[in-house]
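Reading through the structure tokens given below for one structure.
Every chain is numbered from 1, with letters handed out A, B, ... down the list of sequences. Fair warning: this is a prediction, and the values are worked out from it, not measured in the lab.
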Protein chains: 2
Amino acid sequence: MRADAQRNLDRVIGAACECFAEGGVDVSVDDVARRAGVGHGTVFRRFPTKEALLDAVLGKELDRMVLLAQGALVEEDPWDGFAGFFRAAADGYARNRALVESKERCQELPQMLVVQESAHELVRRAQKAHVLRRDLTADEIFELVPAASRFPDVILDGLRG
Amino acid sequence: MRADAQRNLDRVIGAACECFAEGGVDVSVDDVARRAGVGHGTVFRRFPTKEALLDAVLGKELDRMVLLAQGALVEEDPWDGFAGFFRAAADGYARNRALVESKERCQELPQMLVVQESAHELVRRAQKAHVLRRDLTADEIFELVPAASRFPDVILDGLRG
DNA sequence: TCTGAAACGGACTGAGCCGTCCGGTTACAG
DNA sequence: CTGTAACCGGACGGCTCAGTCCGTTTCAGA
């Protein structure tokens with residue numbers, strides 16, 4: 001790939017991350033292109049549709065989640081591991097409107113499987129140690145993540161077993 | 001007002017309530033008109049802009065909230081009063097996508113003042129009785145309402161003082 | 001029944017957006 | 001330095017949607 005092409009691609013992805021995070025999925029491709037300093041034709045050459053561009057951005061964000069989840073599994077205290085990831089995930093959702101608005105799209109991305117596996121293990125460990133309430137499934141608990149963006153402590157207090 | 005005009009107005013408002021609740025604020029005026037069984041010209045004769053139509057729908061929903069809040073103030077147990085309204089409000093948000101997507105618009109509507117006043121009183125009473133945590137303001141607590149649509153019990157557990 | 005005012009609805013306009021395409025430009029190998 | 005393949009960006013088409021307008025229909029009082 002030519003050097004200028006690579007540079008523009010990086011700019012486009014960076015701009016798309018910022019735009020979608022701040023403005024949600026309804027931000028126009030023109031806005032992304034403007035912020036990247038390229039014409040919007042250049043965006044469509046790299047990403048055949050707006051949806052493909054969004055997938056790239058969501059994928060990057062989910063990659064971060066994978067790291068967070070695996071880091072939490074290393075923590076030996078079951079509650080600290082669970083709560084740490086819960087807080088971090090909530091923060092990620094708080095900082096990214098597109099993530100909140102694209103829940104079902106994220107389900108289609110491969111990284112989501114890894115995140116869910118780790119998250120389920122975090123919940124299993126915490127429930128086994130009786131530090132996390134057991135009347136909710138792991139899936140139900142993580143439905144609360146977007147909700148916890150503002151006051152995670154309150155929700156964690158409610159979840160503690 | 002002519003009888004047919006009144007009938008069509010009622011139909012439009014009803015259809016708009018359903019459409020916005022189910023599909024959020026991005027539902028088109030044409031969709032609303034179709035569901036109401038009128039041309040979209042008729043909608044724009046009653047409501048000069050789409051925003052005005054949305055305001056009418058939000059206003060109706062807030063009227064319901066006013067009744068719920070005032071009903072909760074009659075309840076003598078401070079926790080039951082607070083929690084009852086909190087649950088009811090969360091349910092209202094869960095059943096209405098437009099309400100979630102129009103938080104700042106709601107702030108402009110007169111009914112919101114009444115709801116907030118009652119809600120603050122509910123919080124004050126519950127905090128005075130030491131059944132509600134005191135490290136959050138009333139405003140902060142009610143930011144959790146939309147979040148509580150799925151598992152209100154978890155959030156209420158977290159809020160209990 | 002007749003009549004005029006009110007209401008209706010669909011055609012129309014203009015703006016914004018996604019995605020395509022092509023003429024001009026630029027990087028880079030030889 | 002130069003030829004060329006890759007790259008760029010803006011013009012363009014097609015679509016959807018908000019809001020306007022006017023010819024036609026309907027209501028209701030006399």
Exercise answer: donor-acceptor pairs, residues 38-52 of chain B side-chain atoms, under 3.5 Å, sequence neighbours excluded:
unit_1  : atom_1 : unit_2   : atom_2 : d
B:His40 : ND1    : B:Asp30  : OD1    : 3.3
B:Thr49 : OG1    : B:Glu51  : N      : 3.4
B:Thr49 : OG1    : B:Ala52  : N      : 3.1
B:Lys50 : NZ     : B:Val25  : O      : 2.9
B:Lys50 : NZ     : B:Val27  : O      : 2.9
B:Glu51 : OE2    : B:Arg105 : NE     : 3.2

Using residues 61-76 of chain A as the side-chain source, report each donor-acceptor pair under 3.5 Å to any protein atom, sequence neighbours left out, with the distance given to one decimal.
unit_1  : atom_1 : unit_2   : atom_2 : d
A:Glu61 : OE2    : A:Arg64  : NH1    : 2.6
A:Asp63 : OD1    : A:Gln111 : NE2    : 3.0

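- Contacts between residues 4-12 of chain A and DNA chain D, defined by a heavy-atom separation under 4.0 Å, are made by A:Asp4, A:Ala5, A:Asn8.
- The ring pair (Phe, Tyr, Trp, His ring centres under 6.0 Å) contacts involving residues 88-147 of chain B comprise B:Phe85-B:Phe142, where partners must be two or more places apart or lie in separate chains.
- Remark: A:Arg124 pairs with A:Glu121 by the salt bridge (charged side-chain N to carboxylate O under 4.0 Å, His left out) rule, at least two apart or across chains.
- Applying the salt bridge (charged side-chain N to carboxylate O under 4.0 Å, His left out) criterion to A:Asp91, with sequence neighbours excluded, gives A:Arg95.
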Listed pairs, N/O of protein and of nucleotides 1-3 of chain C, under 3.5 Å:
none

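- Among residues two or more places apart in sequence or in another chain, the ring-ring contact (aromatic ring centres under 6.0 Å, His included) test is passed with A:Phe20 by none.
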Using atom types as modelled, flag every donor-acceptor pair under 3.5 Å from a side chain in residues 152-160 of chain B to any protein atom, sequence neighbours excluded.
unit_1   : atom_1 : unit_2   : atom_2 : d
B:Asp153 : OD1    : B:Arg87  : NH1    : 2.3
B:Asp157 : OD2    : A:Arg133 : NH1    : 2.8

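- Between the A:Ser149 side chain and the A:Pro146 main chain, a donor and an acceptor come within less than 3.5 Å of each other.
- Between A:Arg46 and the phosphate of D:dA6, there is no side-chain N or O to OP1/OP2 separation shorter than 4.0 Å.
- Taking the salt bridge (charged side-chain N to carboxylate O under 4.0 Å, His left out) definition, one finds that A:Asp77 meets it with nothing, sequence neighbours left out.
- A:Ala33 comes within 4.0 angstrom of no nucleic acid atom, judged by non-hydrogen atoms across all strands.
- We find that CG of B:Asp31 is positioned 11 Å from C1' of D:dT16, with the value rounded to whole Å.
- Evaluation of the salt bridge (Lys or Arg N to Asp or Glu O under 4.0 Å) test over residues 12-23 of chain A, restricted to residues two or more places apart or in two chains, returns A:Glu18-A:Arg35, A:Glu22-A:Arg35.
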5' to 3', nucleotides 18-25 of chain C under a 4.0 Å protein heavy-atom cut-off (B base, S sugar-phosphate only, - none) gives SBB-----

